[in-house]
Chemist: 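Quick one: the structure is below, questions incoming.
Per chain, numbering begins at 1; letters A, B, ... match sequence-line order.
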Amino acid sequence: MNYQELGFKSGLEIHQQLETGKLFCHCPCLVNDPSPPDILLRRKLRSAAGELGKTDEAAAYEMQRARQFIYEASSTSSCLIETDDEPPNKVNKHALEAALQAALLTKCNIVKHIQFMRKTVLDGSNTSGFQRTALVAYGGQIETSKGPVRIETICLEEEAAKKIEEKGKEVVYRLDRLGVPLIEIATDASLQDADHVKETAGIIGMILRSIQQTKRGLGSIRQDINISIRGHPRVELKGFQDLRSIPKTVENEVKRQLDNLKEKRIVGEVRKVNPDFTSTFLRPMPGAERMYPETDVPITHVTEEEIKKIAIPELLTERVIKLG
Amino acid sequence: MKKEFSEAQQVEIHTKDKQVFKGILLPSQDSSIVMLKLASGYNIGLDKKDIQQITKLGKLKIERPLLKEHKHNPKLPTISILHTGGTVASQIDYTTGAVSARFTPEELLAKFPELQQYANIHSRLVSNMFSEDMRFSHYNLLAKEIEREAKKGIQGIIITHGTDTLHYTAAALTFMLHHLPIPVILVGAQRSSDRGSSDAFLNLVSAVFFASQTDFSGVAICMHKDLNDELCIILPGLNVRKNHTSRRDAFACINTSPIAEINYNKQQVQFLKRDHKKRDPDANFHIRLMNEKLEIGMLYAHPHMHADEVARFNAYDGLIIIGTGMGHLSINHIDKFTAENEKIFRELAKLARKMPVIMTPQPLWGRINLNVYSTGRKLQEIGVQGNFSDMTPETAFLKLAYLLSTRKSKDEVSRLMDTNMFGEISKRSMP
């Protein structure tokens with residue numbers, strides 16, 4: 001497959017969970033809390049006025065109104081902050097430090113005045129109706145075998161609640177994972193082919209795991225891959241279990257987009273990756289992101305002196321070389 | 001039909017480290033920081049000293065969607081919603097990220113279309129403030145607004161209110177609105193209404209549902225029963241208190257039970273008491289205003305008090321003591337460490353000669369009894385009142401304000417303070 005000829009464009013978003021304690025409270029990062037849920041809540045979410053935009057407001061409203069969210073939580077891993085009954089505490093300084101370490105390791109510039117935002121999410125995966133997220137660094141670069149890849153942004157955000165099941169109009173979530181800090185590293189769309197995507201994901205994963213407070217194990221790092229070929233809008237692939245599945249899945253997506261172009265079925269969408277390297281439709285591409293400031297969290301100021309004091313971790317690859 | 005525009009300044013910023021940002025310039029609290037909203041939606045703050053150049057790119061014009069005009073339905077009751085602040089119908093401007101409060105009927109109905117099923121909605125901003133800033137002047141303003149609305153023959157009034165002092169306002173209005181012929185329901189929200197999860201939604205629609213569909217009259221509060229978005233409770237204006245800083249179910253009855261429970265999703269109201277005051281269009285409704293010049297103090301009893309804490313109320317018109325246990329504070333000189341207590345007692349006796357001094361319970365639940373311990377008996381001897389009352393400190397504060405505003409005779413204030421007038425003091429304490 002000649003990727004260059006096809007006008008292949010691809011970029012990565014890597015999400016890494018942290019082990020620092022939750023981002024805005026003092027709950028531990030137990031993403032799979034084994035204790036049985038002792039808190040059960042039934043909630044609804046509504047859109048704030050003006051959010052529905054051009055869609056038929058009444059219809060959209062009815063749709064939302066009908067959904068009932070059931071939240072299960074254990075008091076070992078959730079407090080009133082996860083249940084959206086208390087404003088956020090101070091931002092976890094260890095999580096922020098880990099994000100700034102990721103910034104330095106990828107030669108990013110650190111935002112001097114970091115503002116947490118509320119990103120509106122109405123599928124119930126956040127009890128508040130929004131995800132807290134902040135852009136902490138920008139404009140970095142990593143080296144790959146095919147030349148440098150630009151790091152567009154590094155964000156520090158809250159992990160969402162885990163969906164347990166959907167029964168009719170009821171959606172059940174568990175709150176143990178909600179609020180676990182995530183570092184999100186996003187590259188530009190310059191990745192050249194399927195192998196380059198895999199290589200870059202591997203390098204970013206290695207960089208993230210060089211930071212002490214990152215979580216290990218299944219699901220602790222997630223890759224989202226954006227792919228488009230000439231004439232086809234961007235498609236986002238989510239849910240890779242393994243780096244090794246990337247090249248084959250990317251190749252299949254390019255083939256799918258080629259078929260789409262032939263059959264004039266061209267839509268940008270979010271797709272879920274299957275174990276057999278294919279993917280299935282997950283949801284439409286989200287519209288313009290709905291963000292407004294998280295006014296409960298003051299702006300975090302980062303001074304030059306503080307940046308100088310951040311310990312830059314040794315990369316795992318360097319450690320391996322030393323040991324060898 | 002109404003169109004609204006707002007404008008946002010688009011800019012391109014070149015930093016000294018050769019980065020280029022495009023976005024919308026936001027107001028910044030700190031003049032050394034430039035706040036920018038990027039196309040991705042994120043806000044970042046840049047140091048002015050790190051910026052080489054800011055180029056203005058023209059203004060972005062944002063048009064708000066047109067709102068449907070509200071038509072009167074003669075078959076439905078009319079409910080007036082008076083706003084005193086908070087953001088029940090907040091609108092987020094995603095271009096600048098600003099959250100603004102909306103108060104016209106059209107704006108409210110755009111957000112709460114279901115309200116039209118039950119009532120014609122009038123909606124107006126009375127004052128826009130934090131509830132912690134309220135003064136008696138605001139109670140008077142509200143009472144006059146309620147009088148004006150009620151005389152139009154509407155079927156109910158909803159007041160949106162910050163939660164900090166919601167129970168103070170509920171108590172004040174209960175004393176001030178005499179023979180109220182309709183329901184006046186106060187509604188607040190513990191979680192801001194710009195978020196999808198806000199309790200404002202259920203609290204407001206439940207309040208409108210209750211006010212338009214039942215025969216209840218009187219002042220009450222409508223808030224969440226628990227942490228679920230299922231049930232709201234109607235709480236009596238005189239026996240209610242905020243008991244948590246942030247939970248949705250922060251408001252609860254003290255020494256009594258709620259009036260009713262509303263299941264809005266099932267369209268059900270269940271009254272929880274055998275009887276409640278009914279609507280009465282022929283009632284002789286009138287309002288009594290608060291004296292805006294009154295000075296009434298509240299003194300919180302605690303260990304290691306000092307006499308000057310008491311003495312500073314010398315020039316006040318009245319004092320509420322929030323006493324420990326059944327109604328005590330440190331007035332006994334019992335050993336070499338407690339000489340100060342005797343001074344406290346002397347200062348308190350001086351105050352009690354000049355003004356009403358009312359004892360209320362720090363434990364909130366239960367009744368004052370100044371007969372059981374010698375401390376209580378000594379307090380009675382110097383004229384401290386409140387014996388056998390189970391009013392909350394907040395309700396006692398507003399009752400004293402109401403009595404001092406409306407009664408000339410000192411004896412009458414004193415007698416009425418310890419007499420149940422509107423349900424603020426219960427006869428029997430229930431197990």
Chemist: Which atoms of A:Thr133 are under 4.5 Å from chain B, going by heavy atoms: the side chain, the backbone, both sets, or neither?
Modeler: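 Its backbone and side chain both get close to chain B.
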Chemist: Against the six-membered ring of A:Phe116, is A:Arg132 placed for a cation-pi contact (under 6.0 Å from the centre, within 45° of the normal)?
Modeler: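 No cation-pi geometry.
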Chemist: Answer with side chain, backbone, both or neither: which region of A:Asp84 has an atom nearer than 4.5 Å to a non-hydrogen atom of chain B?
Modeler: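 A:Asp84 touches chain B through backbone and side-chain heavy atoms alike.
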Chemist: Where on A:Leu135 is there a heavy atom nearer than 4.5 Å to chain B: the side chain, the backbone, both, or neither?
Modeler: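 Its backbone and side chain both get close to chain B.
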Chemist: Less than 4.5 Å to any heavy atom of chain B: does that hold for the side chain of A:Ile39, its backbone, both, or neither?
Modeler: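 When you check distances to chain B, no heavy atom of A:Ile39 falls under 4.5 Å.
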Chemist: Which atoms of B:Leu38 come close to chain A, meaning under 4.5 Å heavy atom to heavy atom: side chain ones, backbone ones, both, or neither?
Modeler: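 Only the side chain of B:Leu38 comes within 4.5 Å of chain A.
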Chemist: In plain terms, say whether A:Glu305 and A:Lys112 are close enough for a salt bridge, that is, a side-chain N and a carboxylate O under 4.0 Å apart.
Modeler: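 Looking at A:Lys112 together with A:Glu305, the answer is no, because their closest N to O distance does not fall below 4.0 Å.
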Chemist: Of all the residues in residues 10-19 of chain B, which have a heavy atom that comes within less than 4.5 Å of a heavy atom in chain A?
Modeler: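 Answer by number: B:Asp17, B:Gln19.
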Chemist: Quick check on the interface: out of B:Glu230, B:Arg247, B:His244, B:Arg191, who has the most heavy-atom pairs with chain A under 4.5 Å?
Modeler: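 So the answer, after comparing B:Glu230, B:Arg247, B:His244, B:Arg191, is B:Arg191.
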Chemist: Can you tell me which portion of A:Thr127 sits under 4.5 Å from chain B's heavy atoms? Options are side chain, backbone, both or neither.
Modeler: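 Looking at A:Thr127, just its backbone touches chain B.
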Chemist: Need one label for A:Leu41: side chain, backbone, both or neither, based on atoms under 4.5 Å from any heavy atom in chain B.
Modeler: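 Both backbone and side chain.
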Chemist: Do the non-hydrogen side-chain atoms of A:Gln131 and A:Thr120 ever get within less than 4.5 Å of each other?
Modeler: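 A:Gln131 does not reach A:Thr120 side chain to side chain.
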Chemist: Non-hydrogen contacts under 4.5 angstrom with chain B: give the residues of residues 154-169 of chain A involved, or none if there are none.
Modeler: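 The residues closer than 4.5 Å to chain B, in numerical order, are A:Cys155, A:Glu157.
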Chemist: Does NZ or CZ of A:Arg174 fall inside the cone over A:Tyr71's six-membered ring, less than 6.0 Å from its centre and within 45° of the axis?
Modeler: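 So A:Arg174 doesn't make the cation-pi contact.
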Chemist: Does any heavy atom of chain B fall under 4.5 Å from the side chain of A:Asn126, the backbone, both, or neither of them?
Modeler: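 No part of it gets close to chain B.
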Chemist: Please classify the contact of A:Arg118 with chain B as side chain, backbone, both or neither, using a heavy-atom distance under 4.5 Å.
Modeler: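 Looking at A:Arg118, just its side chain touches chain B.
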